There are 2 protein chains.
Amino acid sequence: MPGPPRITLDDVARRAGVSTATASRALGDHPHVAAATRARVREAAEELDYVASPEATRLAGGPTGRVAVLVPHPSRWFFGELLEGLEAALRAADLDLVLFRVGGPEERAAFFARLPARRKVDAVVVLAFAVDEIEHARLASLGVDVVAAGGRVASYPSVGVDDHVAGRQAMDHLIHLGHRRIGMIAVEDVGRLAPDPDGRTSAWRAALDDAGIPPDDDLVVTVPWGGEGGADGMARLLGLRSPPTAVFAHDDETALGAIRTLRRAGLRVPEDLSVIGVDDHPLAALTDLTTVAQPVRAQGRRAGELVVAGLRGELADGVPPAELLPTRLVLRGTTSPPGAPR
Amino acid sequence: MPGPPRITLDDVARRAGVSTATASRALGDHPHVAAATRARVREAAEELDYVASPEATRLAGGPTGRVAVLVPHPSRWFFGELLEGLEAALRAADLDLVLFRVGGPEERAAFFARLPARRKVDAVVVLAFAVDEIEHARLASLGVDVVAAGGRVASYPSVGVDDHVAGRQAMDHLIHLGHRRIGMIAVEDVGRLAPDPDGRTSAWRAALDDAGIPPDDDLVVTVPWGGEGGADGMARLLGLRSPPTAVFAHDDETALGAIRTLRRAGLRVPEDLSVIGVDDHPLAALTDLTTVAQPVRAQGRRAGELVVAGLRGELADGVPPAELLPTRLVLRGTTSPPGAPR
DNA sequence: ACACGTGTTGGAACCGCTTGCGGTGGGAGC
DNA sequence: GCTCCCACCGCAAGCGGTTCCAACACGTGT
């Protein structure tokens with residue numbers, strides 16, 4: 001169980017014929033250590049296959065080498081992808097990723113109340129959700145850097161996409177195809193980051209305005225996140241006296257839900273009704289869903305890099321402007337001109 | 001950046017009017033501590049919002065309060081779900097989850113070579129992948145308990161589902177519907193756990209045998225995991241001189257890929273060809289896919305409970321038999337009798 | 001030859017917690 | 001009423017590093 005007898009810094013020092021203090025400095029590349037001594041210590045360490053004890057190093061004042069990641073729903077593709085990118089960047093810097101789930105309201109409240117990450121990490125990454133005043137204060141009490149990924153948060157360095165722009169790409173596509181009556185299925189997921197209150201929804205309105213089409217608020221329905229939500233939203237839209245000819249869904253999974261409702265109603269997509277989502281979820285390709293792709297994994301990776309830079313003290317003071325990665329329209333088979341066969 | 005002054009065990013002890021030693025024992029649930037004292041210390045800790053320093057604890061010989069989780073692909077639904085269940089169980093025991101990605105061959109090799117989790121965790125959980133001899137030895141060198149989730153691994157306590165049984169549920173359903181020529185799209189994902197080499201594939205053969213149908217090996221195609229793989233697999237199956245009338249896909253995403261190929265080929269599902277998967281991925285419901293559901297999150301949770309029990313020394317010695325959770329057939333719209341309209 | 005600065009190195013004090021060992025006090029046993 | 005025992009608790013020694021500070025050895029300026 002205890003494994004092989006541990007080799008300590010003292011062993012190395014003894015072998016190199018120096019004190020522990022000197023050995024520590026030599027290995028730590030500190031100045032004021034004679035080159036010859038440094039070499040001797042290095043060699044001794046090498047021969048002994050010495051590996052410093054992380055706990056001892058940390059206890060003695062160093063960083064923990066860990067960063068906390070707050071994620072609402074690990075099982076959703078978006079978050080998983082973010083997590084993957086983040087993990088890669090952190091691992092590259094030899095940092096461990098400690099996962100904290102803050103999905104439901106209770107979990108979230110529990111996390112911020114108890115702050116289980118306290119004293120255990122050097123930084124925290126908030127994945128795609130906005131923190132309120134109190135939560136912000138609680139995080140501040142951890143005394144470590146915070147960065148946000150998957151959306152932008154005013155108070156922290158963040159990396160995400162411009163939801164408004166993404167929304168415009170989707171809406172403009174629909175409008176360009178000739179649609180005038182366009183519905184929107186927004187999601188109410190509290191956890192989701194809400195940049196400029198709701199970029200995607202505001203894009204719906206802005207695009208219509210720009211096209212000279214008077215927005216009809218009845219065409220915007222808000223549902224819980226997920227396929228079922230999308231299905232319900234679509235049903236509500238179909239229930240309108242004057243249903244839309246195209247629908248912009250907040251994301252791909254919502255869009256897929258909407259499509260199921262359409263299929264069940266005997267409507268054809270895109271012949272009878274066009275549908276577009278956002279994300280470019282792997283299943284979007286499988287289901288031939290037109291969407292606006294966003295580089296999710298890259299957002300996670302970039303956030304990780306930001307954390308690393310911050311830990312190295314390479315970040316300027318103050319909150320830098322949000323880093324926005326590009327999104328792009330991916331044309332597939334669920335959109336077409338209104339009333340047009342294919 | 002040092003944040004608020006750290007609260008140490010000494011602070012707690014002082015507030016409770018006892019020595020550091022007693023405080024440590026009280027919080028550590030050691031025997032020989034008066035109940036009243038224990039309560040007082042607990043209260044003091046609570047009031048001060050005390051959190052032990054993992055490094056100090058570990059350095060002094062105690063547990064770290066952390067468990068490493070090895071996950072191949074965090075972004076896949078299956079793993080994300082497993083992760084969620086696991087996190088919940090660990091969190092409940094106040095254990096932190098440190099995530100290590102071991103997806104690609106290089107990452108995996110790097111992990112086992114460097115063993116970044118060394119001395120940093122009290123246990124490790126292997127999510128749905130089989131470890132080979134060397135990896136097994138490396139893990140053993142960590143000197144901590146290991147449990148597997150999402151499949152069973154001979155050498156560790158594990159929780160999963162019986163893939164063979166799940167496969168039988170799918171196959172028997174198809175056979176019961178009257179299909180005789182049934183294809184199978186297996187996946188070659190190295191990471192995926194391979195219980196009794198490949199439960200799902202063996203089920204294909206066993207089911208046919210039991211039904212007195214001679215298995216035709218041409219009907220089994222193996223593809224990389226994922227929708228694209230499924231699509232390719234289906235294409236190969238369609239290319240056969242005598243294509244199947246039904247297909248059993250290794251999992252839902254593969255099944256969805258298969259369906260895309262069918263749609264593009266102008267074939268109707270299930271009228272022309274039935275498709276069934278395994279998992280009951282949320283999108284299965286949306287796409288009306290018939291499948292064999294498995295309780296993924298529960299597997300993660302149970303694995304977490306196993307870890308906790310192990311850490312408490314409540315586990316008997318030796319490797320207990322794998323815990324197998326039940327799977328169940330979920331009838332939806334992608335299967336029907338052969339050549340039968342709906 | 002003397003005082004002093006510079007570059008190195010060693011001694012030792014922590015960092016925060018666990019635990020072996022010894023000490024204290026009160027109840028049980030006689 | 002007086003041992004004796006034992007449940008409880010405190011002291012202090014680490015765990016393996018880092019780092020402040022003092023000590024020391026040389027060179028150099030005068």
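Order of the sequence lines sets the chain letters (A, B, ...), proteins ahead of strands, with each chain counted from 1. Everything numeric in this text was worked out from a predicted model, so none of it was measured.
No donor-acceptor pair under 3.5 Å is formed between the side chain of A:T22 and the backbone N or O of A:V18.
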Between protein and nucleotides 20-22 of chain D, what N or O pairs are separated by less than 3.5 Å?
from	atom 1	to	atom 2	distance (Å)
D:dC20	N4	A:R25	NH2	2.9

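A cation-pi arrangement is absent between B:R76 and A:W77, since the terminal nitrogen or guanidinium carbon is not both under 6.0 Å from the aromatic centre and inside a 45° cone about the axis.
Residues B:E135 and B:R108 are paired through a salt bridge, judged by an N-O separation under 4.0 Å between the basic side chain and the carboxylate. For the pair B:E55 and A:R66, the salt-bridge criterion is met [side-chain N within less than 4.0 Å of a carboxylate O].
Here B:A52 lies in heavy-atom contact (under 4.0 Å) with sugar-phosphate atoms only.
With sequence neighbours excluded, no residue satisfies side-chain contact (heavy atoms from CB on, under 4.5 Å) with A:A60.
Counting heavy-atom neighbours within 6.0 Å of A:E314 CD, excluding the residue itself, gives a total above 12. Atom CD of A:E106 has more than 12 neighbouring heavy atoms from other residues, nucleotides or ligands inside a 6.0 Å radius.
Considering only the side chain of A:S19, C:dG10 comes nearest among C:dG10, C:dT18, C:dC17. The side chain of A:L59 lies closest to D:dG16 when the candidates are D:dG16, C:dG10, D:dG17. Comparing C:dT18, D:dT18, C:dC17 by their closest approach to the side chain of B:S24 singles out C:dT18.
Rounding to whole angstrom units, CD of residue B:E55 and C1' of D:dG14 are separated by 18 Å. Atom-to-atom, CG of B:D11 to P of C:dG16 comes out at 9 Å; the value is rounded to the nearest Å. In this structure, B:L9 places its CG atom 6 Å from P of C:dT18, rounding to the nearest Å. A:R14 places its CZ atom 14 Å from the P atom of C:dG10, with the value rounded to the nearest Å.
Side chains of A:Q299 and A:E323: no donor on one and acceptor on the other come within 3.5 Å.
The six-membered or imidazole ring of A:Y156 lies near that of A:H136, with a centre-to-centre distance under 6.0 Å.
If B:V18 and A:D10 are placed on DNA chain D by their nearest nucleotide, the residue sitting closer to the 5' end is B:V18.
Near DNA chain D, defined here as any heavy-atom distance below 4.0 Å, the residues from residues 30-42 of chain B are B:H32, B:V33, B:A34, B:T37, listed numerically.
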